[in-house]
Amino acid sequence: MELLQIKDLRIQFNTDTGIVHAVNGVDLSLQEGECLGLVGETGAGKTTTALGILDLIQTPPGKIVSGEILYKGRNIREMKPHEIRDLRGNEISMIFQDPMSALNPVIPVGHQIAEVIRLHQKCSKNEADRQMLAMLEKVRIPAERADEYPHQFSGGMKQRVVIAIALACNPKLLIADEPTTALDVTIQAQVLKMIRELQQEIHTSMLLITHDLGIVAQTCEKVAIMYAGEIVESGTAEDIFDRTAHPYTKGLFASIPSIDRKMRRLTPIEGLMPDPTDLPAGCSFGPRCPYVSDLCREHKPELQEIGAGHFCRCHFPSQKRSPEKEGQ
Amino acid sequence: MPVQLEVKDLMKYFRIPVGFLHAVDGVSFQLEEGKTLGVVGESGCGKSTLGRAILGLNEATGGQVIFEGEDVTHLKGASRKAYKKKVQIIFQDPFSSLDARMNVQSLIEEPLKVLGTYRNKTDRLEKVDELMDTVGLAGRYKTSYPHELDGGRRQRIGIARALAMDPRLIVCDEPVSALDVSIQAQILNLLADLQEEKGLTYIFITHNLSVVKHISDRIMVMYCGCLAEMADTDSLFEQPLHPYTKGLLSAIPVPSLHVQRNEILLEGEIQSPINPRPGCRFAGRCCYATQLCRAETPKPAELLPGHIVSCHHAGEING
């Protein structure tokens, strides 16, 4: 059964310079126990989508214009505020990108973990503290450090505290927004391993937001590639990594310096992401696409199924679909 | 190629209330003209301080920097100014390294004015046009301000400013880490082209191992202010000798489903560089650490030709 299903989600922000079309008709679905990677560059609308799921879009200036967010078949957009509050941090929780700013600097970390437990489980203070200490142990922070403040911890440990808060109530759905971007590579490896292990232990589904295709390859079974507020390609990890179809996805792979091969020059994607206040009429990737045609400039391509469960938003996906990625 | 830059036992300590922070602690290397030395390490390992000490932006506490045969460690006055024309830096963050109230033309003109190479305004503006062309900035951006431009274009301004003096050596301090991958590739290509055209020498500081592998001829791995390992790029990636380098390389997330790596997970975190005790600074996280490692700081030694490693047990570990 689908745990989360997003249908045609559209989110806009009203600014002085015009309407920012941040999310433009996103469809996503997530099965129970699955890990979905949502990949895209800065400004693609990944975080806005995630905040939309939790109804955390600041209104105004932001607004969910249309679409459905079905969690266990119920539309979150139609829920009452107190119902959403019961879900947030309890059944659906979020790991934020920057652990330095996600924690309250004047409250000891133990209290910050216990707070979410007390709020959702209506248990006694002692019971909450007991669970809090168990949580700290799970993320491998010594129990005696529960009374310390965030500034006394290193970046990696702070992110582990944030993970402990997110997982304290055994959520059904975990949204991790660039959980390791602020961390060093050896610490990143530790944190990713921990998230994976805990995810399996408590059978949580995960929506992992990242710009790093390497992390996705290690962690996710399903992948969705986002560009200018749209999903341009989605499918299993094999579909995306070995049967890449969309020119943007291909461009992303070509831009990454390879660790295994020697290349003289990289192949960047020319140009820039379109201005979200002024999106092109046709395909939003059209202005940067090497295969662009008149059809692309005039008509926006629909997301179409080009293989079982493999979707691509392109007028000409089949021609460019490579059986195995060229040169690898 | 002749050796252009020689760094001998360079040290940079910062005085802090509780003692000294050993940001760079005895780093030595040589760099040939027209080559690229990649400096990798995690945050706080001293790689940026090393770059700044070479430029003289932070005066070294000890050791020597020799550039084209001249000791440039403690330059003052006119000789310092002359040295600055030969070495330049590209900063990490194109969002904070540019004055928000200057337009593109004045930003690129500024170094030409400051170091007084072009007295005549017309000559200066001609040079600005030439520089904008070199780094691929269209002329129409001359009157734009930094906030109107994206990260990639802002970084091009930073590169144009560094190139203004026709330097011989450029320290690139994380020039692409604030950029998205598609833009990052554009900037890396530009840097490679400039090197080929002008025979520039680069010291390329980054934490991104894929990027450093792509651009460097030789790589230095730093850990907590010390040199852990230094070798030619291929040699380092094919045969890492230091336990830290091994862990670091295995932690790189590879964007492919078909790469199998034996994952070496490094437990623990970087030791504090404040008043460090003698002994190997990696010992706390190293699975091979012995009594000797905790007591005595290992000296860099050339274990294979051109492959330098600071580890007491590198020989045994690597059989």
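Side chains are part of it too, since the values below use all heavy atoms of this structure and drop only hydrogens, waters and symmetry mates. Note on naming: letters A, B, ... go to the chains in the order of the sequence lines (proteins, then strands), and numbering restarts at 1 for each one.
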Is any side-chain heavy atom of [X] closer than 4.5 Å to a side-chain heavy atom of [Y]?
{"X": "A:Met273", "Y": "B:Ser182", "result": "no"}
{"X": "B:Leu257", "Y": "A:Glu238", "result": "yes"}
{"X": "A:Arg265", "Y": "B:Asp193", "result": "yes"}

List the atom of [X], the atom of [Y], and the distance in Å for their closest heavy-atom pair.
{"X": "A:Ser255", "Y": "B:Ala185", "answer": "O-CB, 3.7 Å"}
{"X": "B:Ile183", "Y": "A:Gly271", "answer": "CD1-O, 4.1 Å"}
{"X": "B:Glu42", "Y": "A:Ile187", "answer": "OE2-N, 4.2 Å"}

Checking [X] side chain against [Y] main chain: does a donor-acceptor pair fall under 3.5 Å?
{"X": "A:Gln218", "Y": "B:Val254", "result": "no"}
{"X": "A:Glu41", "Y": "B:Leu179", "result": "no"}
{"X": "A:Asp184", "Y": "B:Ser43", "result": "yes"}

### Query
If you count heavy-atom pairs under 4.5 Å between each of B:Val212, B:Leu266, B:Asp180, B:Leu209 and chain A, which one has the most?
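Ranked by heavy-atom pairs under 4.5 Å with chain A, first place is B:Asp180.
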
### Query
Do you know which of B:Gln186, B:His207, B:Arg153 has the most heavy-atom pairs with chain A at a distance under 4.5 angstrom?
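It is B:Gln186.
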
### Query
Which pairs count as salt bridge (Lys or Arg N to Asp or Glu O under 4.0 Å) when at least one residue sits in residues 217-232 of chain A, sequence neighbours excluded?
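Qualifying pairs: A:Glu34-A:Lys222, A:Glu230-A:Lys300, A:Glu230-A:Arg313.
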
### Task
Measure A:Val185 against the heavy atoms of chain B and call it side chain, backbone, both or neither at under 4.5 Å.
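Interface part for A:Val185: both.
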
### Message
Quick check on A:Ile269 against chain B: is it the side chain, the backbone, both or neither that has a heavy atom closer than 4.5 Å?
### Response
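Contact with chain B: backbone and side chain both.
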
### Task
Verify the neighbour count for atom CD of A:Glu137: are there more than 12 heavy atoms of other residues, nucleotides or ligands below 6.0 Å?
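Atom CD in A:Glu137 is not crowded, with 12 or fewer foreign heavy atoms closer than 6.0 Å.
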
### Query
Is atom NZ of B:Lys35 surrounded by more than 12 heavy atoms (other residues, nucleotides or ligands) closer than 6.0 Å?
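No, the 6.0 Å shell around NZ holds no more than 12 heavy atoms from other groups.
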
### Query
If you round to the nearest 0.5 Å, how far is CG of A:Leu266 from CG of B:Leu188?
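Separation between the atoms: 5.5 Å.
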
### B:Glu238 portion near chain A, given a 4.5 angstrom heavy-atom threshold
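For B:Glu238, no heavy atom lies under 4.5 Å from chain A.
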
### Query
Measuring heavy-atom distances to chain A, does B:Asp150 have an atom under 4.5 Å in its side chain, in its backbone, in both, or in neither?
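For B:Asp150, the contact with chain A is made by the side chain alone.
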
